Amino acid sequence: MLNIGLVGLGVIARAQHLPAIAANPSMRLAAIASRNAVLDGLPSYPDVAALLAAEPEISAISLCTPPQGRFDQAMAVLRAGRHLMLEKPPGATLSEVEALQREAQAQGVTIFASWHSREAAAVDPARDWLSDKALKSIAIEWFEDVRKWHPGQDWIWAAGGLGVFDPGINALSILTKLISDVVLERADLHIPQGRATPIAADLRLKAGDVPITAAFDWRYERDELWRITFETDQGTLLLEDGGARMSVNATPLTSGENHEYARLYARFHDLIKAKQSEVDLAPLRLVADAFLTGQHHPTDPFHP
Ligand code: NAP
């Protein structure tokens with residue numbers, strides 16, 4: 001039985017992590033650490049350091065805090081010799097995640113940088129279908145209402161919080177699971193006055209000769225649209241609902257329930273048993289490139 005500690009009891013921890021851990025018979029939530037939240041019936045600590053000091057039987061930690069500030073928490077976990085699972089994005093910068101990888105290796109523990117959208121039901125079937133097709137172009141549309149999905153979250157508007165790349169990186173995580181060697185050509189970042197991160201972004205990318213566009217927008221006040229269109233020599237593959245549904249030439253082929261987090265925790269456990277780690281920085285690298293080279297366009301102030 002794997003004893004897990006969870007750090008950062010916020011929206012995603014409650015919605016996905018707690019149910020996924022509870023449904024996995026080989027693991028047990030043993031404690032949480034959160035500054036302002038407690039869980040009835042479980043030891044609850046104000047921060048990760050207190051949890052690690054008091055709970056030597058907890059051998060794995062799942063970090064569900066925002067990316068800014070997560071590095072010190074993650075380092076504390078690894079230096080205490082515990083396995084570590086990171087919510088996406090795995091860090092606020094590439095260099096800090098690389099430092100975490102080196103520390104995990106030095107300590108002989110597992111580090112798992114999770115990308116939940118890669119576990120959506122139709123992503124693997126899409127990869128299989130695409131494997132013998134010639135790609136012509138790819139178009140990503142990732143539109144949602146920030147007020148619906150991130151109410152009251154100030155950290156997403158602060159430097160390191162990614163802004164609209166917080167959902168957009170999910171699309172990029174799917175893209176980089178399906179297609180290799182993706183390169184950013186141009187980024188246009190639409191940043192509300194007084195904020196550090198974009199509310200919308202338009203990217204031009206390529207993989208070899210295949211042109212790729214990505215449009216991310218948080219000002220979409222309808223039901224979310226999370227779609228990737230792959231044009232190939234043998235028709236059009238549509239990946240919809242964040243990777244949950246796939247159709248080819250308008251014929252539905254695959255759809256499935258959301259088991260993203262169940263699959264992530266199963267993978268984390270498998271990695272620990274195999275004494276392995278998994279950190280793929282490709283999605284975060286593309287976002288970093290967009291912030292490095294992006295053209296800034298000031299837009300209207302955002303009022304929550
Ligand atoms: P959230 O609701 O703000 O929860 C994060 C929790 O972390 C907070 O409740 C807070 O709990 C704790 N925390 C520790 N340090 C913090 C700080 N400096 N600022 C703010 N909170 C801090 O955020 P979330 O939506 O769960 O997202 C957390 C991570 O999961 C992000 O990396 C996000 O990209 C990822 N994620 C989110 C979703 C989603 O739909 N929301 C989906 C997938 C992945 P205490 O105040 O009790 O410490």
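Counting starts at 1 for both ligands and their atoms, in listed order. None of the values given here were measured: they were computed from a predicted structure.
- Crowding of Gln234 atom CD: a count of heavy atoms from other residues, nucleotides or ligands under 6.0 Å exceeding 12.
- The environment of Glu257 atom CD is sparse: at most 12 non-hydrogen atoms of other residues, nucleotides or ligands sit within 6.0 angstrom.
- At least one heavy atom of Arg70 sits less than 4.0 Å from an atom of ligand 1.
- Aromatic ring centres of Tyr265 and His17 lie closer together than 6.0 Å.
- Note on Arg227 versus Asp241: no salt bridge recorded, every NZ/NE/NH1/NH2 to OD/OE distance being 4.0 Å or above.
- When only non-hydrogen protein atoms are considered, atom 9 (O) of ligand 1 lies nearest to Gly10 CA, 3.3 Å.
- In terms of polar-atom proximity, Asp166 is counted as a contact of ligand 1, with an N or O under 3.5 Å from an N or O of the ligand.
- Using a 4.0 Å heavy-atom cutoff, Ala33 is absent from the residues neighbouring ligand 1.
- Counting only heavy atoms of the protein, atom 25 (O) of ligand 1 lies nearest to Gln153 NE2, 2.9 Å.
- Atoms of ligand 1 found under 4.0 Å from any heavy atom of Tyr261 (numbered from 1 in listed order, with element): 43 (C), 44 (C).
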Evaluation steps, salt bridge (charged side-chain N to carboxylate O under 4.0 Å, His left out), between Asp188 and Arg204: CA-CA 9 Å; Asp188 288 280; Arg204 210 172 64 207; over 6 Å; no
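- Every side chain to side chain contact (heavy atoms under 4.5 Å, CB included) that Tyr220 has, sequence neighbours left out, goes to Phe143, Arg222, Leu225.
- Applying the 4.0 Å criterion to heavy atoms of Lys88 picks out, from ligand 1, the atoms 31 (C), 32 (O), 33 (C), 34 (O), 35 (C), 36 (N), 43 (C), 44 (C).
- Of the protein's non-hydrogen atoms, Trp155 NE1, 2.9 Å is the one closest to atom 3 (O) of ligand 1.
- Atoms of ligand 1 lying under 4.0 Å from any heavy atom of Cys64, numbered from 1 in the order shown and given with element: 5 (C), 28 (C), 29 (C).
- The proximity of Asn36 to ligand 1, defined as any non-hydrogen pair under 4.0 Å, involves the side chain as well as the backbone.
- In this structure, the ring of Trp142 has its center no less than 6.0 angstrom from the ring center of Trp218.
- A distance of 8.5 Å separates CD of Glu144 from CG of Asn170, quoted to the nearest 0.5 Å.
- Counting heavy atoms only, Ile12 comes closest to atom 37 (C) of ligand 1 of the residues Asp47, Ile12, Ile32.
- Salt bridge Asp145/Arg219: absent, no basic N to carboxylate O contact under 4.0 Å.
- An N or O contact shorter than 3.5 Å links Arg35 to ligand 1 by distance.
- For the pair Lys206 and Asp181, the salt-bridge criterion is not met [side-chain N within less than 4.0 Å of a carboxylate O].
- For a threshold of 3.5 Å applied to N or O pairs, the pair formed by His150 and ligand 1 contains no separation below that value.
- Counting only N and O atoms by type, the side chains of Gln193 and Thr299 include no donor and acceptor under 3.5 Å apart.
- Heavy atoms of Leu9 found under 4.0 angstrom from ligand 1 belong exclusively to the backbone.
- A donor-acceptor contact shorter than 3.5 Å is absent between the side chain of Glu141 and the backbone of Ala214.
- Using a 4.0 Å heavy-atom cutoff, Phe165 is absent from the residues neighbouring ligand 1.
- Remark: Asn249 CG is packed, more than 12 non-hydrogen atoms of other residues, nucleotides or ligands lying under 6.0 Å away.
- If you look at His116 next to ligand 1, the close heavy atoms, those under 4.0 Å, all belong to the side chain.
- Ligand 1 places these atoms under 4.0 Å from at least one heavy atom of Ser34: 11 (O), 45 (P), 47 (O), 48 (O).
- Scanning the protein for heavy atoms near atom 41 (N) of ligand 1, the closest one is Val11 CG1, 3.7 Å.
- A salt bridge links Glu224 to Lys148: one of the charged nitrogens lies within less than 4.0 Å of a carboxylate oxygen.
- The shortest N or O to N or O distance between Trp149 and ligand 1 is not under 3.5 Å.
- Residue Ala37 approaches ligand 1 through these ligand atoms, each under 4.0 Å from one of its heavy atoms: 47 (O).
- Between Lys136 and Glu231 there is no salt bridge, since no side-chain nitrogen of the basic residue lies less than 4.0 Å from a carboxylate oxygen of the acidic one.
- Between Pro89 and ligand 1, a contact under 3.5 Å exists for no N or O pair.
- Considering backbone and side-chain atoms alike, Gln73 places every N or O at 3.5 Å or more from each N or O of ligand 1.
- When only non-hydrogen protein atoms are considered, atom 14 (C) of ligand 1 lies nearest to Thr65 CG2, 3.5 Å.
- For the pair Pro66 and ligand 1, the shortest N or O to N or O distance does not fall below 3.5 Å.
- Listed by number with element, the atoms of ligand 1 under 4.0 Å from a non-hydrogen atom of Pro67 are 32 (O).
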